[in-house]
Amino acid sequence: MSNPETEWLQRSLQGDEEAFASLVERYQNPVFNLCYRMLGDEFEAEDAAQETFWRAYQHIQRYDPQRSFATWLLSIAAHYCIDQQRKRRAPILAIDDLLEETLPDQAPDPERSASQTEEQMAMRKLLQTLNAQDRSAIILRYWYDFSEDEIARALNLSASAVKSRLFRSRQALARQYMADAARAAGKERKQDESPAF
Amino acid sequence: MNHQPFNSWLYEDTPLPAAQAEELKQHLQICPDCRQQQEAWLNVRHMLRIAEAARPQPGFSSRWQAGLEARRLRQQRRQVRITILALAGAVLLVLLGLLIYFALTSSFADLFASMIGTSTQVAVGLVQIGEFFQSLLRFLPPGVMTAVWFIFASWICILCLAWVLSVWRISRKGVPSHEELH
Ligand SMILES: [Zn+2]
C-alpha cells in the first residue's frame, strides 16, 4: 500500500472527512464499475457507489488495516448490490426510498452513451442471466482478479461454495453465449432468405 | 458419448495437469459438442477480460461530500426526534407510575380529599396575590396605572401579531419537511 493511502486511512480512522474524500477519489472507479456490472444501469450504479462509500465511512472502525482497503470496499459494494437485486425482484414501496432526496440532475453523457459498444451490451445481457451472487462472484473473479478465497471472504461464503458457484456460472455463461449466437445466426439466415422486391 | 469428466475440465479455472490436458484434447477432437462449449466459454472469458471498466460521471467525490452533509443533517434530526420522544416517554411513564402508586397506596376518598385540599390552597394563594397587587396599586398615582395598562396591552398586541405571522408562515411552508418525516 502506498504512503499517502496509508496516511489517508489513518486519518479517516480518526474521523477526518477530507482524508476519506481522497479515498473516495481514488477508489471511485473500481467501486462504480462493480456496481455498474452488477446493476446494469448507470444511475443505479452511481447511487450504489455513493451508498458504498457512505457505509464505509460510517463503519470505518470495522476495517482491518491488515487487509486490503480495496477488497473491503468492493465487498461492501457487492453486498449492497446483491441486496438491491433482491429488493428489485420483490418490489416493496419503501418509504425511505420515496422520501429520499433526489440526486442533482445528471444529463446522460452523449459520448459515453455512444461508446456503449455492441460487445458491452452483449456482456451486460450475459451477466444479467446470472443471479446476483453468482454475478458478483464472476465479476470479482474476472474484473478484479480476486482469488476464490478472496471472493469467499468478500461474499461471506465458504471457499467450496464459491468454487461451485463459479463453475456453474461459467457453464451458464457459455450456454447463454451459444444460445445468443444461435439466435443471431438464425436471424441472419432469415434476413437472407426473405425475398427481395 | 460420455462427456464426463471432460466437460467439467472445460470449465476449470486452473491449468490441468499434462495428462488430463492430453485426454481433454483427444476428447475435443472427436466431440463437437464439447468443442463448441469450450469455444463459447473461451469467448466469454475473453469478453470479460477485455471489457472496459465503467467510470462514474466527473465530480463523484464532490457529490459524495455533498451527500455526506445531507445525510449527517438527517441523522442529527433523527437523533433529536428520538431524544424528544424518549424524554416524553419517560415523563409519561413517571406520571403513570405515580398514578398507579397513589391508586395502590391510598383510597379513592383520600385522593379526592387531598385534591380538593390542594386546589383550595392554590385558589387561596391566587386570591392573596391579587389582594397584594390591589393594595399596591392603591398607593400608586393614577398616571402610572394607565402607563402599565398601556404597556400590557401593547405587549398582548405584539404577541398576537407574532402568533398570526407564524401561523401564516407555517401554513405557507408546511412545517414538517420531508426529512423530518423520514
Ligand atoms: Zn463431449
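Because only heavy atoms are used, hydrogens play no part in the values below, and waters and symmetry mates are left out as well, while side chains stay in. Every chain is numbered from 1, with letters handed out A, B, ... down the list of sequences.
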Subject >> Backbone N/O of B:Y11 and side chain of A:R170: donor-acceptor pair under 3.5 Å >> reply: yes
**OP:** If the plane angle is over 60° it's perpendicular, under 30° parallel, otherwise tilted; pick one for B:H27 and B:F6.
**Re:** parallel
**OP:** Measure across B:E12 and A:F167 and return the closest heavy-atom pair with its distance rounded to 0.1 Å.
**Re:** OE2-CE1, 4.4 Å
Original post:
Where does A:E51 contact chain B at under 4.5 Å (heavy atoms): side chain, backbone, both or neither?
Top reply: both
Subject >> B:Q79 and B:Q75 side chains, donor-acceptor separation under 3.5 Å >> reply: no
Original post:
Taking every heavy-atom pair that is under 4.5 Å apart, which of B:S62, B:S61, B:A66 has the most such pairs with chain A?
Top reply: B:S61
Subject >> Residues B:R35 and B:E39 bridged, charged N to O under 4.0 Å >> reply: no
Original post:
Can you say whether B:Q37 sits under 4.5 Å from chain A via the side chain, the backbone, both, or neither, judging by heavy atoms?
Top reply: both
**OP:** Among the options B:I50, B:D13, B:N43, pick out the one with the most heavy-atom pairs lying under 4.5 Å from chain A.
**Re:** B:D13
Original post:
What closest approach, in Å, do A:Y144 and A:L34 show between heavy atoms, and which atom pair accounts for it?
Top reply: OH-N, 3.0 Å
Original post:
Does the side chain to side chain donor-acceptor pair (under 3.5 Å) test come out yes or no for A:Q10 and A:Q14, once each step is laid out?
Top reply: CA-CA 7 Å; A:Q10 262 161 9; A:Q14 285 151 13; over 6 Å; no
**OP:** Name the member of A:R175, A:Q176, A:R141 that forms the most heavy-atom pairs with chain B at distances under 4.5 Å.
**Re:** A:R141
**OP:** Can you tell which part of A:L173 gets under 4.5 Å to a heavy atom of chain B, answering side chain, backbone, both or neither?
**Re:** both
Original post:
Of all of A:Q171, A:E17, A:K163, A:M123, which one pairs up most often with chain B through heavy atoms under 4.5 Å apart?
Top reply: A:Q171
Subject >> Between A:R124 and A:Y36: side-chain donor-acceptor atoms closer than 3.5 Å >> reply: yes
Original post:
chain A heavy atoms under 4.5 Å from B:Q38: which part of the residue, side chain, backbone, both or neither?
Top reply: neither
Original post:
What part of A:L23 is in contact with chain B, defined as an atom under 4.5 angstrom from a non-hydrogen atom: side chain, backbone, both or neither?
Top reply: neither
Subject >> Side chain, backbone, both or neither of A:W54 within contact of chain B (heavy atoms, under 4.5 Å) >> reply: both
**OP:** Quick one: which of A:Y142, A:W143, A:F53 has the most heavy-atom pairs under 4.5 Å with chain B, could you say?
**Re:** A:Y142
Original post:
Non-hydrogen atoms of chain B under 4.5 Å away: do they reach the side chain of A:A181, the backbone, both or neither?
Top reply: neither
**OP:** Could you tell me whether a side-chain N or O of B:R63 sits under 3.5 Å from a main-chain N or O of B:P58, the two making a donor and an acceptor?
**Re:** yes
Subject >> Under 4.5 Å from a heavy atom of chain A, the part of B:S8 involved >> reply: both
